[in-house]
Amino acid sequence: MSPNNLYAHPLFKIRNEHLSRDDSVSLAYQRARLVMRTYRLTAADVEHCSPKFWSMMTDPICSLDIAMFTILAAHVGLTIGTLSRHLKNRPDLKPLVEGLLRFDTVGIYLLTERGHGLDSFSIETTATKNKDGFLLHTPREEATKFMPASTPAFGIPKVALVNAKLIVDGQDRGARFFIVPVCNEREMYRGVLSTRLPPRSGTNPLDFSITQFNNVQLPPTALVAADITDFSLPQQPLEAWWDEIWRIQLGTLAVPAPWISALKATAFIGGRYSMHRSIYRNNIKTPIISFRTQQWPVLNTTAVAMVMDNWFHRTLKFAMADSTDHRVRHAMAVIVKATVCRHFQRCVSEMAERCGAQGTFEHNYMAKIENDGKGVIIAEGDVLTLCIRLFSELLQGRYTVPMPAPNSSLLARHAASLMEENLQILRTLKDHHSETFNSLILPQSQPVVEAIGHAMAYAAAQEAKLPQPILDIYECSIIRQDPAWYCESACMNRMAQRLREDAAVTSALPELDAYLKALGIEDYVSAPIVSDADWKTYVASLPKYSGDALVEPQQVQALL
(Lines give C-alpha, C1' and ligand atoms only; values in the text may rest on other atoms or scores of the structure.)
Protein backbone atom coordinates (compact mmCIF):
# COMPACT_ATOMS: atom_id res chain seq x y z
CA MET A 1 0.00 0.00 0.00
CA SER A 2 1.28 3.48 -0.86
CA PRO A 3 0.81 6.52 1.41
CA ASN A 4 -1.53 7.99 -1.22
CA ASN A 5 -4.24 5.43 -0.52
CA LEU A 6 -3.75 4.90 3.22
CA TYR A 7 -7.17 6.36 3.91
CA ALA A 8 -8.75 3.64 1.80
CA HIS A 9 -7.55 0.96 4.24
CA PRO A 10 -10.34 -0.61 6.36
CA LEU A 11 -8.59 0.50 9.57
CA PHE A 12 -9.34 4.11 8.65
CA LYS A 13 -12.95 3.41 7.74
CA ILE A 14 -13.83 2.45 11.31
CA ARG A 15 -15.61 5.28 13.10
CA ASN A 16 -14.13 5.80 16.57
CA GLU A 17 -17.40 7.02 18.07
CA HIS A 18 -18.83 3.52 17.70
CA LEU A 19 -16.01 1.97 19.78
CA SER A 20 -15.36 1.54 23.48
CA ARG A 21 -12.48 3.47 25.01
CA ASP A 22 -10.08 0.51 24.96
CA ASP A 23 -11.09 -0.57 21.45
CA SER A 24 -10.36 2.96 20.28
CA VAL A 25 -6.89 2.85 21.89
CA SER A 26 -6.21 -0.56 20.32
CA LEU A 27 -7.25 0.85 16.95
CA ALA A 28 -4.78 3.73 17.36
CA TYR A 29 -1.90 1.26 17.79
CA GLN A 30 -3.05 -0.77 14.78
CA ARG A 31 -3.25 2.38 12.67
CA ALA A 32 0.21 3.50 13.84
CA ARG A 33 1.68 0.14 12.79
CA LEU A 34 -0.02 0.43 9.39
CA VAL A 35 1.39 3.93 8.82
CA MET A 36 4.90 2.84 9.88
CA ARG A 37 4.87 -0.19 7.60
CA THR A 38 3.47 1.85 4.73
CA TYR A 39 6.10 4.58 4.85
CA ARG A 40 9.01 2.19 5.59
CA LEU A 41 11.30 4.79 7.06
CA THR A 42 14.98 4.03 7.59
CA ALA A 43 17.07 5.12 10.55
CA ALA A 44 18.75 7.67 8.27
CA ASP A 45 15.34 9.06 7.26
CA VAL A 46 14.55 9.69 10.90
CA GLU A 47 17.96 10.96 11.98
CA HIS A 48 18.25 13.49 9.17
CA CYS A 49 14.51 14.27 8.96
CA SER A 50 14.34 13.40 5.28
CA PRO A 51 11.45 14.49 3.05
CA LYS A 52 10.03 11.00 3.58
CA PHE A 53 10.01 11.56 7.34
CA TRP A 54 8.24 14.90 6.99
CA SER A 55 5.83 13.40 4.46
CA MET A 56 4.67 10.97 7.14
CA MET A 57 4.44 13.61 9.86
CA THR A 58 2.40 15.94 7.64
CA ASP A 59 0.17 13.25 6.11
CA PRO A 60 -3.49 14.33 6.53
CA ILE A 61 -4.13 10.83 7.88
CA CYS A 62 -2.52 11.98 11.15
CA SER A 63 -5.31 14.47 11.82
CA LEU A 64 -7.94 11.71 11.78
CA ASP A 65 -6.67 9.95 14.91
CA ILE A 66 -4.60 12.13 17.23
CA ALA A 67 -3.94 9.17 19.55
CA MET A 68 -2.26 7.46 16.59
CA PHE A 69 -0.24 10.60 15.82
CA THR A 70 0.83 10.86 19.47
CA ILE A 71 2.15 7.29 19.31
CA LEU A 72 4.02 8.00 16.07
CA ALA A 73 5.47 11.32 17.24
CA ALA A 74 7.06 9.75 20.32
CA HIS A 75 7.94 6.46 18.66
CA VAL A 76 9.56 7.88 15.53
CA GLY A 77 10.44 11.50 16.19
CA LEU A 78 11.76 11.10 19.73
CA THR A 79 12.71 7.47 20.43
CA ILE A 80 14.07 6.32 17.07
CA GLY A 81 15.38 9.82 16.42
CA THR A 82 17.40 9.88 19.66
CA LEU A 83 18.88 6.44 19.04
CA SER A 84 19.55 6.92 15.33
CA ARG A 85 22.48 9.30 15.65
CA HIS A 86 24.40 6.74 17.76
CA LEU A 87 24.15 3.80 15.34
CA LYS A 88 27.52 4.50 13.71
CA ASN A 89 29.34 4.10 17.03
CA ARG A 90 26.84 1.72 18.61
CA PRO A 91 26.11 -1.16 16.20
CA ASP A 92 24.65 -3.06 19.17
CA LEU A 93 21.63 -0.72 18.96
CA LYS A 94 20.82 -1.72 15.39
CA PRO A 95 18.51 -4.70 16.24
CA LEU A 96 16.48 -2.51 18.60
CA VAL A 97 16.15 0.31 16.06
CA GLU A 98 15.18 -2.14 13.29
CA GLY A 99 12.47 -3.60 15.54
CA LEU A 100 11.19 -0.10 16.27
CA LEU A 101 11.14 0.74 12.56
CA ARG A 102 9.04 -2.38 11.93
CA PHE A 103 6.82 -1.39 14.87
CA ASP A 104 7.45 -4.76 16.51
CA THR A 105 8.08 -2.72 19.63
CA VAL A 106 6.67 0.70 20.56
CA GLY A 107 9.13 3.32 21.74
CA ILE A 108 8.15 5.83 24.42
CA TYR A 109 10.05 8.86 25.70
CA LEU A 110 10.15 9.40 29.45
CA LEU A 111 11.53 12.86 30.17
CA THR A 112 9.00 14.93 32.12
CA GLU A 113 8.37 14.25 35.80
CA ARG A 114 5.10 14.87 37.61
CA GLY A 115 6.57 17.28 40.14
CA HIS A 116 8.73 19.25 37.70
CA GLY A 117 6.71 19.71 34.52
CA LEU A 118 8.61 21.71 31.93
CA ASP A 119 11.54 22.13 34.30
CA SER A 120 12.93 18.82 33.10
CA PHE A 121 16.48 19.92 33.84
CA SER A 122 15.59 19.41 37.52
CA ILE A 123 14.53 15.75 37.23
CA GLU A 124 15.11 13.46 40.21
CA THR A 125 15.07 9.97 38.66
CA THR A 126 18.50 8.42 39.20
CA ALA A 127 20.62 5.85 37.38
CA THR A 128 23.36 4.86 39.81
CA LYS A 129 26.49 3.19 38.42
CA ASN A 130 27.22 -0.22 39.95
CA LYS A 131 29.33 -3.24 39.00
CA ASP A 132 26.58 -4.66 36.76
CA GLY A 133 25.65 -1.43 34.98
CA PHE A 134 23.11 1.02 36.41
CA LEU A 135 20.37 0.93 39.02
CA LEU A 136 17.37 2.99 37.85
CA HIS A 137 15.20 4.37 40.62
CA THR A 138 12.34 6.81 41.25
CA PRO A 139 13.12 8.39 44.66
CA ARG A 140 9.65 9.85 45.37
CA GLU A 141 6.20 10.34 43.83
CA GLU A 142 7.09 13.77 42.42
CA ALA A 143 9.80 12.07 40.31
CA THR A 144 7.41 9.71 38.51
CA LYS A 145 7.45 10.06 34.73
CA PHE A 146 4.32 11.76 33.36
CA MET A 147 2.48 10.92 31.01
CA PRO A 148 3.60 8.70 28.06
CA ALA A 149 1.59 5.53 27.47
CA SER A 150 3.50 2.75 29.25
CA THR A 151 0.81 0.13 29.97
CA PRO A 152 0.91 -3.45 28.63
CA ALA A 153 -2.86 -3.38 28.04
CA PHE A 154 -2.84 -3.55 24.23
CA GLY A 155 -0.68 -6.54 23.43
CA ILE A 156 2.46 -4.79 22.24
CA PRO A 157 5.94 -4.64 23.82
CA LYS A 158 7.23 -1.22 24.80
CA VAL A 159 10.69 0.16 25.40
CA ALA A 160 11.39 3.55 26.93
CA LEU A 161 14.13 6.11 26.71
CA VAL A 162 14.28 7.28 30.32
CA ASN A 163 16.02 10.52 31.18
CA ALA A 164 17.75 10.14 34.54
CA LYS A 165 20.61 11.66 36.53
CA LEU A 166 23.74 9.55 36.15
CA ILE A 167 25.20 8.99 39.63
CA VAL A 168 28.80 7.78 39.81
CA ASP A 169 30.55 7.39 43.19
CA GLY A 170 27.84 9.52 44.76
CA GLN A 171 28.33 12.38 42.29
CA ASP A 172 25.70 13.69 39.83
CA ARG A 173 27.28 13.47 36.37
CA GLY A 174 24.35 15.04 34.51
CA ALA A 175 21.15 13.79 32.92
CA ARG A 176 21.45 10.97 30.37
CA PHE A 177 19.06 8.71 28.52
CA PHE A 178 18.82 5.01 29.31
CA ILE A 179 17.14 2.24 27.30
CA VAL A 180 14.59 0.55 29.54
CA PRO A 181 12.21 -2.23 28.42
CA VAL A 182 8.99 -1.47 30.31
CA CYS A 183 6.58 -4.24 29.29
CA ASN A 184 6.06 -7.24 27.03
CA GLU A 185 2.77 -8.15 25.34
CA ARG A 186 1.18 -9.17 28.65
CA GLU A 187 2.76 -7.53 31.69
CA MET A 188 5.22 -4.99 33.07
CA TYR A 189 8.83 -5.96 33.64
CA ARG A 190 9.96 -6.38 37.22
CA GLY A 191 10.50 -3.10 39.04
CA VAL A 192 8.49 -1.01 36.57
CA LEU A 193 5.07 0.27 37.66
CA SER A 194 2.61 1.89 35.24
CA THR A 195 -0.43 3.68 36.63
CA ARG A 196 -2.97 4.34 33.90
CA LEU A 197 -4.45 7.83 33.97
CA PRO A 198 -8.17 8.55 33.41
CA PRO A 199 -9.12 9.64 29.86
CA ARG A 200 -8.70 13.22 28.74
CA SER A 201 -12.21 14.57 28.20
CA GLY A 202 -13.63 14.31 24.70
CA THR A 203 -10.44 13.19 22.97
CA ASN A 204 -9.17 10.19 21.03
CA PRO A 205 -8.14 8.09 24.06
CA LEU A 206 -4.69 6.65 24.70
CA ASP A 207 -3.29 4.70 27.65
CA PHE A 208 -1.55 7.73 29.18
CA SER A 209 0.26 6.74 32.35
CA ILE A 210 2.42 7.61 35.32
CA THR A 211 5.58 5.46 35.30
CA GLN A 212 7.97 4.74 38.14
CA PHE A 213 11.00 2.53 38.67
CA ASN A 214 11.96 0.57 41.78
CA ASN A 215 15.69 -0.25 41.62
CA VAL A 216 15.62 -1.64 38.09
CA GLN A 217 18.99 -3.13 37.13
CA LEU A 218 20.14 -2.05 33.68
CA PRO A 219 23.15 -3.37 31.72
CA PRO A 220 26.06 -1.06 30.80
CA THR A 221 24.75 -0.93 27.22
CA ALA A 222 21.53 0.76 28.42
CA LEU A 223 23.31 4.13 28.43
CA VAL A 224 22.44 6.06 25.26
CA ALA A 225 25.83 7.44 24.27
CA ALA A 226 28.48 6.99 21.63
CA ASP A 227 30.93 5.96 24.37
CA ILE A 228 29.27 3.99 27.15
CA THR A 229 32.39 4.22 29.31
CA ASP A 230 32.41 8.02 29.43
CA PHE A 231 30.87 9.10 32.73
CA SER A 232 32.60 12.48 32.93
CA LEU A 233 30.80 15.52 34.28
CA PRO A 234 29.92 17.89 31.40
CA GLN A 235 31.70 21.24 31.58
CA GLN A 236 28.41 22.96 30.67
CA PRO A 237 25.66 20.77 32.18
CA LEU A 238 22.74 22.76 30.74
CA GLU A 239 24.19 22.75 27.21
CA ALA A 240 24.91 19.03 27.54
CA TRP A 241 21.34 18.41 28.63
CA TRP A 242 19.97 20.32 25.63
CA ASP A 243 22.18 18.14 23.43
CA GLU A 244 20.70 15.03 25.04
CA ILE A 245 17.13 16.14 24.30
CA TRP A 246 17.95 17.50 20.83
CA ARG A 247 14.94 15.75 19.25
CA ILE A 248 12.53 17.87 21.30
CA GLN A 249 13.34 20.83 19.06
CA LEU A 250 12.27 18.86 15.99
CA GLY A 251 9.26 17.57 17.88
CA THR A 252 8.20 21.14 18.59
CA LEU A 253 8.16 21.72 14.83
CA ALA A 254 6.42 18.41 14.04
CA VAL A 255 3.50 18.50 16.47
CA PRO A 256 1.61 21.37 14.76
CA ALA A 257 1.48 19.45 11.44
CA PRO A 258 -1.81 17.56 12.04
CA TRP A 259 -3.50 20.77 13.19
CA ILE A 260 -2.97 22.34 9.79
CA SER A 261 -4.79 19.39 8.24
CA ALA A 262 -7.40 19.75 10.98
CA LEU A 263 -7.86 23.42 10.05
CA LYS A 264 -8.42 22.37 6.44
CA ALA A 265 -10.95 19.73 7.49
CA THR A 266 -12.76 22.21 9.75
CA ALA A 267 -12.98 24.80 6.96
CA PHE A 268 -14.26 22.17 4.52
CA ILE A 269 -16.86 20.77 6.93
CA GLY A 270 -18.10 24.18 8.01
CA GLY A 271 -18.10 25.52 4.46
CA ARG A 272 -19.97 22.63 2.91
CA TYR A 273 -22.47 22.52 5.79
CA SER A 274 -23.12 26.25 5.46
CA MET A 275 -23.79 25.87 1.74
CA HIS A 276 -26.55 23.28 2.09
CA ARG A 277 -27.98 24.04 5.54
CA SER A 278 -30.88 26.40 4.92
CA ILE A 279 -33.55 28.40 6.66
CA TYR A 280 -36.75 29.85 5.21
CA ARG A 281 -37.12 33.62 4.79
CA ASN A 282 -40.44 34.74 3.34
CA ASN A 283 -41.01 31.11 2.26
CA ILE A 284 -37.76 31.16 0.28
CA LYS A 285 -35.11 28.55 1.10
CA THR A 286 -31.93 30.43 2.00
CA PRO A 287 -28.55 28.76 2.70
CA ILE A 288 -26.98 30.04 5.91
CA ILE A 289 -23.80 30.93 4.00
CA SER A 290 -25.82 33.94 2.80
CA PHE A 291 -25.27 35.58 6.19
CA ARG A 292 -22.13 37.58 6.94
CA THR A 293 -21.99 36.02 10.38
CA GLN A 294 -21.53 32.63 8.68
CA GLN A 295 -19.32 33.83 5.85
CA TRP A 296 -16.61 35.21 8.11
CA PRO A 297 -15.78 32.05 10.15
CA VAL A 298 -15.83 29.87 7.01
CA LEU A 299 -13.61 32.20 4.98
CA ASN A 300 -11.36 32.97 7.94
CA THR A 301 -10.71 29.29 8.67
CA THR A 302 -10.15 28.61 4.97
CA ALA A 303 -7.66 31.48 4.64
CA VAL A 304 -5.81 30.54 7.82
CA ALA A 305 -5.55 26.91 6.66
CA MET A 306 -4.15 27.90 3.26
CA VAL A 307 -1.66 30.40 4.70
CA MET A 308 -0.47 28.06 7.47
CA ASP A 309 -0.05 25.13 5.08
CA ASN A 310 2.06 27.19 2.70
CA TRP A 311 4.17 28.68 5.51
CA PHE A 312 4.75 25.38 7.32
CA HIS A 313 6.29 23.64 4.32
CA ARG A 314 8.51 26.64 3.56
CA THR A 315 9.63 26.78 7.18
CA LEU A 316 10.59 23.09 7.05
CA LYS A 317 13.02 23.80 4.22
CA PHE A 318 14.59 26.66 6.16
CA ALA A 319 14.74 24.81 9.48
CA MET A 320 16.24 21.65 7.98
CA ALA A 321 18.97 23.48 6.05
CA ASP A 322 22.45 22.54 7.28
CA SER A 323 23.38 26.21 7.56
CA THR A 324 20.60 27.05 10.02
CA ASP A 325 21.81 27.83 13.55
CA HIS A 326 20.30 25.24 15.94
CA ARG A 327 19.05 28.10 18.15
CA VAL A 328 17.27 29.69 15.19
CA ARG A 329 15.88 26.29 14.19
CA HIS A 330 14.32 25.90 17.61
CA ALA A 331 13.11 29.51 17.55
CA MET A 332 11.34 28.87 14.24
CA ALA A 333 9.79 25.72 15.66
CA VAL A 334 8.42 27.70 18.61
CA ILE A 335 7.08 30.48 16.37
CA VAL A 336 5.36 27.96 14.08
CA LYS A 337 3.88 25.99 16.97
CA ALA A 338 2.55 29.08 18.78
CA THR A 339 1.08 30.57 15.60
CA VAL A 340 -0.54 27.40 14.26
CA CYS A 341 -1.91 26.24 17.61
CA ARG A 342 -3.50 29.56 18.54
CA HIS A 343 -4.99 29.95 15.06
CA PHE A 344 -6.39 26.44 15.43
CA GLN A 345 -7.98 27.19 18.79
CA ARG A 346 -9.66 30.35 17.56
CA CYS A 347 -10.88 29.02 14.22
CA VAL A 348 -12.16 25.60 15.27
CA SER A 349 -14.07 26.94 18.25
CA GLU A 350 -15.80 29.60 16.14
CA MET A 351 -16.52 27.28 13.22
CA ALA A 352 -17.95 24.53 15.44
CA GLU A 353 -20.24 27.07 17.11
CA ARG A 354 -21.50 28.29 13.73
CA CYS A 355 -22.53 24.71 12.95
CA GLY A 356 -24.93 24.84 15.88
CA ALA A 357 -25.86 21.60 17.64
CA GLN A 358 -24.22 19.61 14.85
CA GLY A 359 -20.87 21.15 15.74
CA THR A 360 -20.96 19.61 19.23
CA PHE A 361 -21.12 15.97 18.12
CA GLU A 362 -18.10 13.71 17.84
CA HIS A 363 -19.11 12.34 14.44
CA ASN A 364 -18.78 15.81 12.93
CA TYR A 365 -15.08 15.98 13.87
CA MET A 366 -14.77 19.51 15.22
CA ALA A 367 -15.72 18.97 18.88
CA LYS A 368 -13.25 16.12 19.34
CA ILE A 369 -10.39 17.71 17.40
CA GLU A 370 -10.84 20.88 19.45
CA ASN A 371 -10.35 18.88 22.65
CA ASP A 372 -7.43 16.99 21.16
CA GLY A 373 -5.89 20.34 20.28
CA LYS A 374 -5.52 21.17 23.96
CA GLY A 375 -2.98 18.37 24.21
CA VAL A 376 -0.72 19.75 21.50
CA ILE A 377 -0.46 23.04 23.39
CA ILE A 378 1.70 21.26 25.99
CA ALA A 379 3.30 18.57 23.76
CA GLU A 380 7.05 19.10 23.23
CA GLY A 381 6.86 22.17 25.45
CA ASP A 382 3.98 24.36 26.63
CA VAL A 383 3.34 27.13 24.10
CA LEU A 384 3.42 29.98 26.61
CA THR A 385 6.59 28.77 28.32
CA LEU A 386 8.32 28.28 24.98
CA CYS A 387 7.33 31.81 23.98
CA ILE A 388 8.64 33.28 27.24
CA ARG A 389 12.08 31.74 26.71
CA LEU A 390 12.22 32.68 23.02
CA PHE A 391 11.02 36.26 23.54
CA SER A 392 13.53 36.84 26.33
CA GLU A 393 16.39 35.62 24.14
CA LEU A 394 15.29 37.71 21.16
CA LEU A 395 15.07 40.86 23.27
CA GLN A 396 18.55 40.21 24.67
CA GLY A 397 19.93 39.84 21.15
CA ARG A 398 21.29 36.34 21.63
CA TYR A 399 20.27 35.55 18.04
CA THR A 400 17.85 36.83 15.43
CA VAL A 401 15.09 35.25 13.38
CA PRO A 402 14.39 36.12 9.73
CA MET A 403 11.58 38.63 10.19
CA PRO A 404 10.23 40.33 7.06
CA ALA A 405 11.06 44.02 6.59
CA PRO A 406 8.66 46.33 8.47
CA ASN A 407 7.69 48.11 5.24
CA SER A 408 6.80 44.85 3.46
CA SER A 409 3.31 44.55 4.94
CA LEU A 410 1.00 45.84 7.64
CA LEU A 411 1.54 42.65 9.64
CA ALA A 412 5.33 42.96 9.41
CA ARG A 413 5.06 46.55 10.66
CA HIS A 414 2.91 45.34 13.55
CA ALA A 415 5.44 42.69 14.59
CA ALA A 416 8.39 45.09 14.37
CA SER A 417 6.53 47.72 16.37
CA LEU A 418 5.71 45.30 19.19
CA MET A 419 9.34 44.18 19.36
CA GLU A 420 10.59 47.77 19.51
CA GLU A 421 8.03 48.69 22.15
CA ASN A 422 9.35 45.97 24.46
CA LEU A 423 12.98 46.71 23.63
CA GLN A 424 12.41 50.28 24.81
CA ILE A 425 11.11 48.98 28.13
CA LEU A 426 14.07 46.60 28.44
CA ARG A 427 16.55 49.46 27.90
CA THR A 428 15.20 51.15 31.03
CA LEU A 429 15.88 48.06 33.17
CA LYS A 430 19.08 46.89 34.83
CA ASP A 431 18.59 43.28 33.69
CA HIS A 432 15.96 40.77 32.57
CA HIS A 433 15.54 39.38 36.08
CA SER A 434 13.79 42.47 37.42
CA GLU A 435 10.20 42.58 38.62
CA THR A 436 9.36 45.07 35.85
CA PHE A 437 10.56 42.57 33.24
CA ASN A 438 8.37 39.95 34.87
CA SER A 439 5.29 42.16 35.07
CA LEU A 440 5.47 44.23 31.86
CA ILE A 441 7.48 42.25 29.31
CA LEU A 442 6.83 38.56 29.98
CA PRO A 443 3.03 38.88 29.52
CA GLN A 444 3.77 40.14 25.99
CA SER A 445 5.80 37.06 25.08
CA GLN A 446 3.14 35.04 23.33
CA PRO A 447 1.36 37.95 21.54
CA VAL A 448 4.67 39.18 20.11
CA VAL A 449 5.86 35.71 19.08
CA GLU A 450 2.51 35.18 17.39
CA ALA A 451 2.81 38.56 15.65
CA ILE A 452 6.19 37.51 14.28
CA GLY A 453 4.59 34.29 13.04
CA HIS A 454 1.74 36.20 11.39
CA ALA A 455 4.20 38.46 9.57
CA MET A 456 6.32 35.51 8.42
CA ALA A 457 3.29 33.53 7.26
CA TYR A 458 1.88 36.49 5.36
CA ALA A 459 5.22 37.15 3.67
CA ALA A 460 5.44 33.47 2.63
CA ALA A 461 1.88 33.64 1.27
CA GLN A 462 2.73 36.75 -0.76
CA GLU A 463 5.84 35.07 -2.14
CA ALA A 464 3.82 31.98 -3.07
CA LYS A 465 1.24 34.23 -4.76
CA LEU A 466 -1.72 32.91 -2.84
CA PRO A 467 -4.98 34.53 -4.07
CA GLN A 468 -5.25 38.16 -2.98
CA PRO A 469 -8.68 37.64 -1.33
CA ILE A 470 -7.10 34.95 0.87
CA LEU A 471 -4.30 37.34 1.83
CA ASP A 472 -6.85 40.04 2.62
CA ILE A 473 -8.97 37.75 4.78
CA TYR A 474 -5.87 36.59 6.66
CA GLU A 475 -4.75 40.17 7.22
CA CYS A 476 -8.17 41.10 8.62
CA SER A 477 -8.07 38.05 10.89
CA ILE A 478 -4.83 39.32 12.44
CA ILE A 479 -6.14 42.89 12.76
CA ARG A 480 -9.02 41.45 14.80
CA GLN A 481 -6.50 40.16 17.37
CA ASP A 482 -4.99 43.58 18.15
CA PRO A 483 -7.41 46.26 16.88
CA ALA A 484 -6.05 48.91 19.26
CA TRP A 485 -2.59 48.88 17.66
CA TYR A 486 -4.02 49.25 14.16
CA CYS A 487 -6.13 52.16 15.40
CA GLU A 488 -3.23 53.85 17.19
CA SER A 489 -0.36 53.11 14.82
CA ALA A 490 -1.90 52.44 11.41
CA CYS A 491 -4.54 55.22 11.41
CA MET A 492 -7.28 52.62 11.02
CA ASN A 493 -10.25 53.35 13.26
CA ARG A 494 -12.94 50.84 14.13
CA MET A 495 -15.12 51.65 11.15
CA ALA A 496 -12.16 51.49 8.77
CA GLN A 497 -11.32 48.04 10.12
CA ARG A 498 -14.92 46.89 9.60
CA LEU A 499 -15.02 48.22 6.05
CA ARG A 500 -11.68 46.57 5.27
CA GLU A 501 -13.03 43.24 6.49
CA ASP A 502 -16.27 43.71 4.56
CA ALA A 503 -14.35 44.31 1.33
CA ALA A 504 -12.18 41.22 1.92
CA VAL A 505 -15.17 38.94 2.52
CA THR A 506 -17.05 40.34 -0.47
CA SER A 507 -14.04 39.68 -2.69
CA ALA A 508 -13.41 36.14 -1.40
CA LEU A 509 -16.97 34.80 -1.20
CA PRO A 510 -17.54 34.09 -4.93
CA GLU A 511 -14.47 31.81 -4.91
CA LEU A 512 -15.31 29.95 -1.70
CA ASP A 513 -16.12 26.65 -3.41
CA ALA A 514 -12.84 26.76 -5.33
CA TYR A 515 -10.89 27.55 -2.16
CA LEU A 516 -12.48 24.63 -0.31
CA LYS A 517 -11.51 22.26 -3.13
CA ALA A 518 -7.98 23.70 -3.18
CA LEU A 519 -7.52 22.61 0.46
CA GLY A 520 -7.11 19.05 -0.84
CA ILE A 521 -8.73 17.56 2.25
CA GLU A 522 -12.08 16.33 0.90
CA ASP A 523 -11.00 12.68 0.66
CA TYR A 524 -10.13 12.67 4.38
CA VAL A 525 -13.40 14.15 5.62
CA SER A 526 -16.07 11.79 6.93
CA ALA A 527 -18.29 14.24 8.86
CA PRO A 528 -21.83 13.44 7.73
CA ILE A 529 -22.98 17.07 7.77
CA VAL A 530 -20.94 17.96 4.67
CA SER A 531 -23.97 17.06 2.56
CA ASP A 532 -27.61 16.21 3.04
CA ALA A 533 -27.11 12.83 1.38
CA ASP A 534 -24.22 11.93 3.69
CA TRP A 535 -26.29 12.90 6.70
CA LYS A 536 -29.21 10.70 5.67
CA THR A 537 -26.86 7.76 5.07
CA TYR A 538 -25.25 8.25 8.47
CA VAL A 539 -28.56 8.47 10.32
CA ALA A 540 -29.67 5.24 8.64
CA SER A 541 -26.68 3.48 10.23
CA LEU A 542 -27.51 4.55 13.80
CA PRO A 543 -29.30 2.32 16.38
CA LYS A 544 -33.06 2.66 16.26
CA TYR A 545 -35.62 1.93 18.94
CA SER A 546 -39.27 1.14 18.37
CA GLY A 547 -41.97 -0.93 20.06
CA ASP A 548 -45.62 -1.78 20.44
CA ALA A 549 -46.25 -0.41 23.93
CA LEU A 550 -49.59 1.32 24.48
CA VAL A 551 -50.12 4.22 26.82
CA GLU A 552 -52.30 3.22 29.75
CA PRO A 553 -55.21 5.68 30.26
CA GLN A 554 -54.49 6.00 33.97
CA GLN A 555 -50.87 6.93 33.18
CA VAL A 556 -52.10 9.88 31.12
CA GLN A 557 -54.46 10.96 33.90
CA ALA A 558 -51.67 10.68 36.43
CA LEU A 559 -49.41 12.86 34.31
CA LEU A 560 -52.13 15.47 33.93
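The analysis underlying the following values was restricted to heavy atoms, covering all of them including side chains, and did not include hydrogens, waters or symmetry mates. Keep in mind the model is a prediction, meaning the values are calculated, not measured.
Each ring pair (Phe, Tyr, Trp, His ring centres under 6.0 Å) pair with one or both residues in residues 440-472, not counting sequence neighbours, appears once here: His343-His454. A side chain to side chain donor-acceptor pair (under 3.5 Å) check over residues 73-86, counting only residues at least two apart or in different chains, returns the pairs Arg85-Asp243. Residues in residues 249-269 take part in these ring pair (Phe, Tyr, Trp, His ring centres under 6.0 Å) pairs, two or more places apart or across chains: Trp259-Phe344. The list of side chain to side chain donor-acceptor pair (under 3.5 Å) pairs with a residue in residues 488-497, not counting sequence neighbours, reads Trp485-Ser489.
Within a 6.0 Å radius of NZ in Lys465, no more than 12 heavy atoms belonging to other residues, nucleotides or ligands are found. For Arg40, the CZ atom counts as loosely surrounded, since its 6.0 Å shell holds 12 or fewer non-hydrogen atoms of other residues, nucleotides or ligands. Counting heavy-atom neighbours within 6.0 Å of Glu353 CD, excluding the residue itself, gives a total of 12 or less. The number of heavy atoms from other shown groups lying within 6.0 Å of CD (Gln236) does not exceed 12.
Not counting sequence neighbours, Tyr399 has no partner by the ring-ring contact (aromatic ring centres under 6.0 Å, His included) test. Listed by chain and residue number, His414 satisfy the ring-ring contact (aromatic ring centres under 6.0 Å, His included) test with Tyr486 (two or more places apart in sequence, or in another chain). In this structure, the side-chain contact (heavy atoms from CB on, under 4.5 Å) partners of Ala319, at least two apart in sequence or on a different chain, are Leu253, Arg329. Under the ring-ring contact (aromatic ring centres under 6.0 Å, His included) criterion, Phe361 pairs with His363, not counting sequence neighbours. Checked against side-chain contact (heavy atoms from CB on, under 4.5 Å), Leu442 has the following partners two or more places apart in sequence or in another chain: Ile388, Ser392, Phe437, Asn438, Ser445. Looking at residues two or more places apart in sequence or on another chain, you find a side-chain contact (heavy atoms from CB on, under 4.5 Å) between Thr42 and Ala44, Asp45. Trp296 is linked by a ring-ring contact (aromatic ring centres under 6.0 Å, His included) to nothing, counting only residues two or more places apart in sequence or in another chain.
Judged by distance alone, the side chain of His330 and the main-chain N or O of His326 form no donor-acceptor pair under 3.5 Å.
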Inset, instruction - Let me see the working for Phe177 and Tyr109 under ring-ring contact (aromatic ring centres under 6.0 Å, His included), right down to the final yes or no. - result: CA-CA 9 Å; Phe177 276 108; Tyr109 192 82; 5.0 Å; yes
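A side chain to side chain contact (heavy atoms under 4.5 Å, CB included) with Met456 is found for exactly one of Val401, Thr339, Thr315, namely Val401.
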Cut-off 3.5 Å, no hydrogens considered: what does the side-chain donor-acceptor table look like for residues 518-531, sequence neighbours left out?
| from | atom 1 | to | atom 2 | distance (Å) |
| --- | --- | --- | --- | --- |
| Ser531 | OG | Asp534 | N | 3.0 |
| Ser531 | OG | Asp534 | OD2 | 3.2 |

